[in-house]
Amino acid sequence: MASILQARSFMLIAYAMMFTFMGEPTAAVVTFRPSKWSLAHATFYGDETASETMGGACGYGNLFKNGYGTDTVALSSTLFNNGYACGSCFQIKCYQASACYKNVAYTTVTATNLCPPNWSKPSNNGGWCNPPRVHFDMAKPAFMKIAQWKAGIVPVMYRRVPCQRKGGVRFSFQGNGYWLLVYVMNVGGGGDISSMMVKGSRTGWIKMSHNWGASYQAFATLGGQALSFRITSYTTKETIIAWNVVPSNWNVGLTYSTSTNFH
Ligand SMILES: *[C@@H]1O[C@H](CO)[C@@H](O)[C@H](O)[C@H]1NC(C)=O
């Protein structure tokens, strides 16, 4: 709920409607400003190697290989929004605690994981991620940029910001010729995805359903066909189309890149 309210508070600036470039429809130019700073708390998980942050609940797998590195965070379920918040970016600054590093304005992290509730602990003493708490469980190297790790937990100010990504959106494939499961990675702008469609060279547009984290699925016979994707940003509602981003000899276990991204 909080993230929906938060999404509403973004100042959307649409200064162009749909326009056409070389016959291919491209996205409307939509961008958003950072949200207002709000108060929350942050802890960390894993160690300095951040190995425990790999394989998180967004499905990004190896975060080094997939470009997210150690500037990542697990969100409490209040923020996680059943995975729809995967890929969104936050600036986090330590706030009025002796453990805060004074010369650090903030650090920027990407949501790659869920911090699950633990109802056997009170939400003000260990159950930091229990709803309705807004909480950031940061990768330890990210936490160590803003505060002394020995503090364990610090008050923070945070805000949603646009994600800066190098290159285009990437599609990582699982499934088979009859069930396609796609992990959407390296998403710029809002960083998040609200819906997705796939089109085979011999099909029309097929709506994909949200599976888990940042993955979408289609139960359709798509083997041996070149594929296009249509993805819509959760935050900005912008839609982009990656035409024939996947060749007809596609295979599961592979990742396909487009030059297109959100702003
Ligand atoms: C929840 O907290 C209890 C009590 O500290 C602990 O024993 C348990 O391992 C925790 N569960 C999870 C899933 O972390």
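Note that ligands are numbered from 1 as they come in the structure, with each ligand's atoms numbered from 1 the same way.
- Protein residues lining ligand 1, listed by chain and number: N118, S120, K121 [non-hydrogen atoms, distance under 4.0 Å].
- Between W149 and F143 the shortest heavy-atom distance is CA-CE2, 3.6 Å.
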Check residues 113-120 and write down every donor-acceptor pair under 3.5 Å in which the side-chain atom is one partner and the other belongs to a residue at least two apart or another chain.
| unit_1 | atom_1 | unit_2 | atom_2 | d |
| --- | --- | --- | --- | --- |
| N113 | OD1 | A57 | N | 2.7 |
| N113 | ND2 | Y45 | OH | 3.1 |
| N118 | OD1 | S120 | N | 3.1 |
| N118 | OD1 | S120 | OG | 2.6 |

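- R159 CZ to Y106 OH: the interatomic distance, rounded to the nearest 0.5 Å, is 6.5 Å.
- To the nearest 0.5 Å, the span separating OG1 on T43 from CG on D137 amounts to 3.5 Å.
- Because its NZ or CZ atom is both nearer than 6.0 Å to the ring centre of Y234 and within 45° of the ring axis, K237 counts as a cation-pi partner of that residue.
- No side-chain donor from either of Q225 and S248 sits under 3.5 Å from a side-chain acceptor of the other.
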